[in-house]
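Contents: one structure, followed by commentary.
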Amino acid sequence: MIVEKAEEVLKRHQLCNHCLGRLFARLGKGTNEKRGEAIRFVLNMERSARGLEPIAEPEKCELCHNIFERIPDLVEAMKEASRSIEFETFLVGSRFLEEIREKERAIWEEFNIDTAEPINREFNRELGKAFGRATGKETSKNPDLVFIVEPFSGEIELQINPVYVYGRYRKLVRGIPQTPLPEFEDSVASIICRAFSKAFEGKCVFKGAGREDVDVRMLGNGRPFIVEIKSPKMRKVDLEKIAEEINSSGKVEVLDLRFVSAKEAEEVLTKNHRKEYLALVLVEEGVTPEEAEEVARKLRRLEIHQRTPWRVRKARADKVRVRKVHEAEARWVDEKHFELRLVTDGGLYIKELVSGDKGRTKPSVSDLLGKRAWCERLDVLNILDE
């Protein structure tokens with residue numbers, strides 16, 4: 001059946017062994033070139049027995065134009081194009097002229113062939129194998145580098161896949177935002193990304209698991225974050241050295257840096273974390289130790305209904321969020337101040353929990369005291385992963 005079909009095709013089309021074997025790619029193992037060579041050999045044996053001339057492999061294939069012979073040159077071009085890029089895994093893609101792909105489909109339809117493989121698939125595979133042998137690099141479904149090859153022009157486009165790094169940061173000072181703002185010289189993101197961009201020679205994008213206000217410190221075990229380094233030229237980077245450079249800023253410290261996958265990065269950023277806070281509460285009318293203790297007792301395991309705070313209403317959807325205070329402890333400081341240590345659900349605005357935000361947060365510390373209260377100073381002590 002295969003030999004008869006091959007004879008029909010070869011009587012009308014000048015095909016190389018690659019293109020002949022590819023017509024029957026689903027019917028066996030091995031390379032298309034070897035398959036085409038075997039089919040042609042058996043066919044010519046039968047034709048000889050019938051006293052017919054053999055059908056030799058043509059000098060120029062009418063379908064692929066002998067593109068497979070260019071693979072060694074293309075391998076060298078790929079090596080040159082990627083010379084300055086550090087990578088261990090790769091994939092090859094290609095862009096064939098539409099007229100070639102249309103002609104290939106026309107042959108399939110002409111001879112009712114449903115066992116074929118597209119030319120670009122074979123070409124990508126064979127070029128990838130040749131590049132791997134020449135460089136010692138390996139192919140991967142999630143590669144460091146993707147080559148997009150124009151087979152006939154020899155043009156090569158590189159797609160460098162990003163690197164993801166997980167870490168936790170501590171913001172040691174007040175007065176710097178998490179991400180850049182025009183009125184601030186520095187930010188947590190810029191301090192971190194300067195070091196990453198320089199080491200990886202790529203563009204750094206910072207993504208925090210939540211955020212704290214400009215005037216709030218992030219202490220304790222630090223806030224989880226991800227940096228995505230786009231189009232990195234370097235990948236074998238010493239993360240400890242990056243940490244040392246960031247930590248020398250005196251403003252931000254990073255901990256636990258490690259490489260992660262894109263999936264792991266997404267999980268870090270979408271996970272809802274409980275948080276531990278320390279708030280210094282100001283009560284202008286005065287507060288006693290007993291009142292402070294009573295507020296903490298009432299807050300424990302209390303459900304809070306919090307409408308989007310007035311100060312962030314333009315940046316956040318206006319809705320009521322329900323969050324819980326899990327732990328609360330009070331320490332009286334003086335006649336107008338006490339400290340509150342709180343463990344709450346992620347997404348609870350602590351400043352508004354204290355003030356009440358003109359009734360948008362209920363209940364609030366102000367409600368429980370029966371006196372107006374403000375959060376004079378706030379620190380995030382820990383981000384609780386579990």
Side-chain angles (χ1 to χ4, degrees), residues 168 170-171 174 178 208-224 269-386:
R168 305 178 82 97
R170 289 199 285 242
K171 190 175 83 173
R174 305 183 196 282
Q178 186 191 71
R211 61 173 60 232
E212 66 284 330
D213 289 340
V214 169
D215 60 344
V216 175
R217 293 185 299 176
M218 176 64 243
L219 305 175
N221 64 352
R223 184 181 297 280
L269 297 173
T270 55
K271 189 174 183 180
N272 192 14
H273 304 267
R274 288 186 183 183
K275 298 176 178 69
E276 181 182 6
Y277 298 93
L278 184 64
L280 180 64
V281 179
L282 167 65
V283 186
E284 286 285 2
E285 296 175 51
V287 63
T288 66
E290 292 76 19
E291 287 175 316
E293 287 289 346
E294 181 66 7
V295 166
R297 185 188 67 79
K298 290 179 178 179
L299 280 172
R300 289 174 199 137
R301 294 176 292 280
L302 187 63
E303 200 170 76
I304 308 296
H305 292 252
Q306 190 166 65
R307 187 176 175 186
T308 299
W310 186 257
R311 64 189 170 94
V312 298
R313 68 193 185 282
K314 293 181 180 178
R316 302 281 188 276
D318 189 10
K319 62 181 181 180
V320 175
R321 298 168 177 82
V322 179
R323 298 290 188 268
K324 191 172 183 180
V325 177
H326 297 278
E327 299 176 22
E329 294 177 0
R331 186 182 75 84
W332 187 78
V333 177
D334 58 36
E335 288 78 5
K336 291 188 177 183
H337 295 90
F338 69 97
E339 286 184 340
L340 267 180
R341 187 192 70 83
L342 302 167
V343 175
T344 75
D345 287 339
L348 179 61
Y349 292 87
I350 302 302
K351 292 176 181 177
E352 285 70 22
L353 173 65
V354 174
S355 69
D357 196 25
K358 299 179 180 179
R360 295 169 78 91
T361 294
K362 289 186 173 293
S364 66
V365 171
S366 292
D367 292 335
L368 299 177
L369 267 176
K371 303 175 184 179
R372 294 180 66 185
W374 292 269
C375 183
E376 190 168 270
R377 190 177 67 226
L378 181 63
D379 290 324
V380 186
L381 297 183
N382 285 295
I383 307 292
L384 307 174
D385 293 338
E386 300 298 336

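- Nearest heavy atom pair, residue I304 against residue P363, reads CD1-O, 3.6 Å.
- For the pairing with K351, the side-chain hydrogen bond (donor to acceptor under 3.5 Å, both in side chains) check across D357, T361, D213 returns one residue only, D213.
- Each of E285, E291, E284 was compared with K371 under the side-chain hydrogen bond (donor to acceptor under 3.5 Å, both in side chains) criterion, and only E291 meets it.
- Without hydrogens or angle criteria, S355 side chain to W374 main chain gives no donor-acceptor distance under 3.5 Å.
- Side chain of Q178 to main chain of G210: a donor-acceptor pair is present (N/O by atom type, distance under 3.5 Å, no hydrogens or angles).
- Taking every heavy atom of both residues into account, S366 and A373 meet most closely at OG-N, 3.0 Å.
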For this session: Run the numbers on E276 and R341 for salt bridge (charged side-chain N to carboxylate O under 4.0 Å, His left out), then give the verdict.
Result: CA-CA 7 Å; E276 181 182 6; R341 187 192 70 83; 2.9 Å; yes

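- For CZ of R372, the number of neighbouring non-hydrogen atoms (other residues, nucleotides, ligands) closer than 6.0 Å is 12 at most.
- Judged by distance alone, with hydrogens and angles left aside, the side-chain atoms of N382 form a donor-acceptor pair with the main-chain N or O of N221 at under 3.5 Å.
- Listed for the R168 side chain is a donor-acceptor partner under 3.5 Å among the backbone atoms of I383.
- Residue E352 forms a side-chain hydrogen bond (donor to acceptor under 3.5 Å, both in side chains) with just one option from R307, R360, R311, and that option is R311.
- Paired with T344 under the rule side chain to side chain contact (heavy atoms under 4.5 Å, CB included), one option of I350, L299, L302 passes, and it is I350.
- Counting only distance, with no hydrogens or angles, the side chain of W332 and the backbone of V287 share a donor-acceptor pair below 3.5 Å.
- Ion pairing between a basic and an acidic side chain is recognised when a charged N comes within 4.0 Å of a carboxylate O; R217 and D379 show such pairing.
- For the pair R323 (side chain) and D345 (backbone), a donor-acceptor distance under 3.5 Å is absent.
- In terms of heavy-atom proximity, N272 sits nearest to G346 at OD1-CA, 3.6 Å.
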